[in-house]
Amino acid sequence: MKEPQQPCLVSIRTQYPRFSVTERKIADYILINPTKIIHSSINQIAEDLNVADSTVFRFCKRIGFKGYQAMKIALASEVVTPIQDIHESVDEGDTVKAIASKVFKSNMKTIEDTLVVLDEEQLERAVDAIAGADTTYFFGSGGSSLIALDAFHKLIRTGLRVQTVSDSHFQQMLASQMTKNDCAVFISHSGATKEILQALNVVKSTGATMIAITNYAKSPLSMGVDISLFTVSEETEYRSEALSSRIAQLSVIDALYVNILLKRGTEGQKALNKMREAITVKRI
């Protein structure tokens, strides 16, 4: 089965925090001038940045390509020919089913792209951190607070101690009571939400492990945590990328939940069974 084309810009954004100073210099150049890269040789790019051709070549390898030409081809497909059948506009004459089809395809693309950029090492670290914490706190503001509530709903089934509140004042209070043995998971599409960054600053002082689920590698949130799990979402005419990102965020939460439940083995299964027994009284 053929591997999906590696998205160049997404790969750069998600790996950005781990780049060296020189690599960030090249990354910034590509992110700012993607169209120029398509029409430039490796020599021209190296000259503009005052680095060796080999440095640019190594950067291309670093982000998952065989070389500069392979990166250019991938970049051209992203910049010049966007996937029209997935992120096409919704037209007034569209049927209800046609609109539903476009929404579903957009969601599928969001999940597929997020899976491509999901870093296995970071995911494993997040699983270990949550599974080993005394208590894990989920923080989200606005729409992301619903994702935090879903995370609470999932993870409480594993038998682990988890907490979440949506009110920003309560979040600050919870954050202040955390210890170095706890874990905080911050959910924010932009990674620049004021309330979340305020909670982040409080948690930093406690020494707790900090995890981010976000869309931007260069955001204040992703640069300030210990572990980052990135999502990918595209803007459409009728949906902001922040709105569509919730599908990817929920998928990341599900991946954490299943991994943690398996990691806990019989203890996790016992907790899950106890939860199922407790809620059977709610059924007719």
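Keep in mind it's a predicted model, so treat the numbers as computed, not measured.
Considering every non-hydrogen atom in both A175 and A199, the closest pair reads CB-O, 4.1 Å. Here the shortest heavy-atom pairing between S141 and E195 reads OG-OE1, 3.8 Å. In terms of heavy atoms, M71 sits closest to C60 at SD-SG, 3.8 Å. Summarising the geometry of V127 relative to K263, their closest heavy-atom pair is CG1-CD, 3.9 Å, with the distance given to 0.1 Å. The shortest heavy-atom contact between L229 and A126 is CD1-CB, 4.1 Å. Summarising the geometry of D226 relative to Q122, their closest heavy-atom pair is O-OE1, 4.4 Å, with the distance given to 0.1 Å.
Rounding to the nearest 0.5 angstrom, the gap separating the NZ atom in K270 from the NZ atom in K274 is 9.5 Å. Atom-to-atom distance recorded for T135:OG1 and D182:CG is 5.0 Å, nearest 0.5 angstrom. Here NE2 of H189 is found 14.0 Å from CD1 of I196. Values are rounded to the nearest 0.5 Å. Annotation: the span from L221 atom CG to F139 atom CZ amounts to 11.5 Å, rounded to 0.5 Å. Taken to the nearest 0.5 Å, the CG atom of L123 stands 12.5 Å off from the OG atom of S228. A distance of 11.0 Å separates CG in L256 from OG1 in T158, rounded to the nearest 0.5 Å.
At a threshold of 4.5 Å between side-chain heavy atoms, the hydrophobic network of Ile, Leu, Val, Met, Phe, Trp and Tyr places L261 and M275 in one connected group. Tracing side-chain contacts under 4.5 Å through hydrophobic residues (I, L, V, M, F, W, Y), one never reaches F138 starting from M173; they form parts of separate clusters. In the hydrophobic clustering of ILVMFWY residues, with side-chain heavy atoms under 4.5 Å counting as a link, I26 and L75 come out together. There is a path of hydrophobic side-chain contacts, each under 4.5 Å, that joins I38 to L49. The cluster map of Ile, Leu, Val, Met, Phe, Trp and Tyr, joined by side-chain heavy atoms under 4.5 Å apart, puts I260 and I147 in the same cluster.
Annotation: side chain of T206 is in contact with side chain of V203 (closest heavy-atom distance under 4.5 Å). With a 4.5 Å cut-off on side-chain heavy atoms, K102 and D94 count as touching. Counting heavy atoms from C-beta outward, F230 and V252 have side chains that stay 4.5 Å or more apart. Counting only heavy atoms from C-beta outward, the side chains of K194 and Q198 approach each other to under 4.5 Å. Within the 4.5 Å cutoff, side-chain heavy atoms of N273 are placed close to those of R276. The closest side-chain heavy-atom distance from V51 to F59 is not below 4.5 Å. Inter-residue side-chain proximity for I130 and I211 is flagged as met; some heavy-atom pair is nearer than 4.5 Å.
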Quiz item: Would Y68 and S40 count as a side-chain contact (heavy atoms from CB on, under 4.5 Å) if you check the C-alpha gap in whole Å, the side-chain angles of each, and the deciding distance to 0.1 Å?
Solution: CA-CA 10 Å; Y68 180 72; S40 301; 4.2 Å; yes
Exercise. Dump the intermediate steps for side chain to side chain donor-acceptor pair (under 3.5 Å) on T193 and S188, then the final yes or no.
Key: CA-CA 7 Å; T193 307; S188 171; 3.2 Å; yes
Exercise. Might you work through the side-chain contact (heavy atoms from CB on, under 4.5 Å) test for I111 and T114, ending with a clear yes or no?
Key: CA-CA 5 Å; I111 294 173; T114 297; 5.7 Å; no
Exercise. Mind running side-chain contact (heavy atoms from CB on, under 4.5 Å) on T136 and L160 for me, showing each step along the way?
Key: CA-CA 8 Å; T136 297; L160 296 175; 5.8 Å; no
Practice problem: Please assess I37 against Y29 for the test side-chain contact (heavy atoms from CB on, under 4.5 Å), listing each intermediate value before the final yes or no. | Solution: CA-CA 9 Å; I37 299 293; Y29 187 92; 3.5 Å; yes
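Within a 6.0 Å radius of CD in E124, other residues, nucleotides and ligands contribute 12 heavy atoms or fewer. Around the CZ atom of R18, the shell of radius 6.0 Å holds more than 12 heavy atoms that belong to other residues, nucleotides or ligands.
In summary, K154 and D150 engage in a salt bridge, as defined by a charged side-chain N under 4.0 Å from a carboxylate O.
No donor-acceptor pair under 3.5 Å is formed between the side chain of T231 and the backbone N or O of S245. Under a 3.5 Å cut-off, the side chain of S251 and the backbone N or O of I247 do form a donor-acceptor pair.
Every residue meeting the side chain to side chain donor-acceptor pair (under 3.5 Å) condition with D53, not counting sequence neighbours, appears here in chain and number order: N43. For D167, there are no salt bridge (Lys or Arg N to Asp or Glu O under 4.0 Å) partners two or more places apart in sequence or in a different chain.
Defined by atom type and a distance below 3.5 Å, a donor-acceptor pair is missing between the side-chain atoms of S222 and T214.
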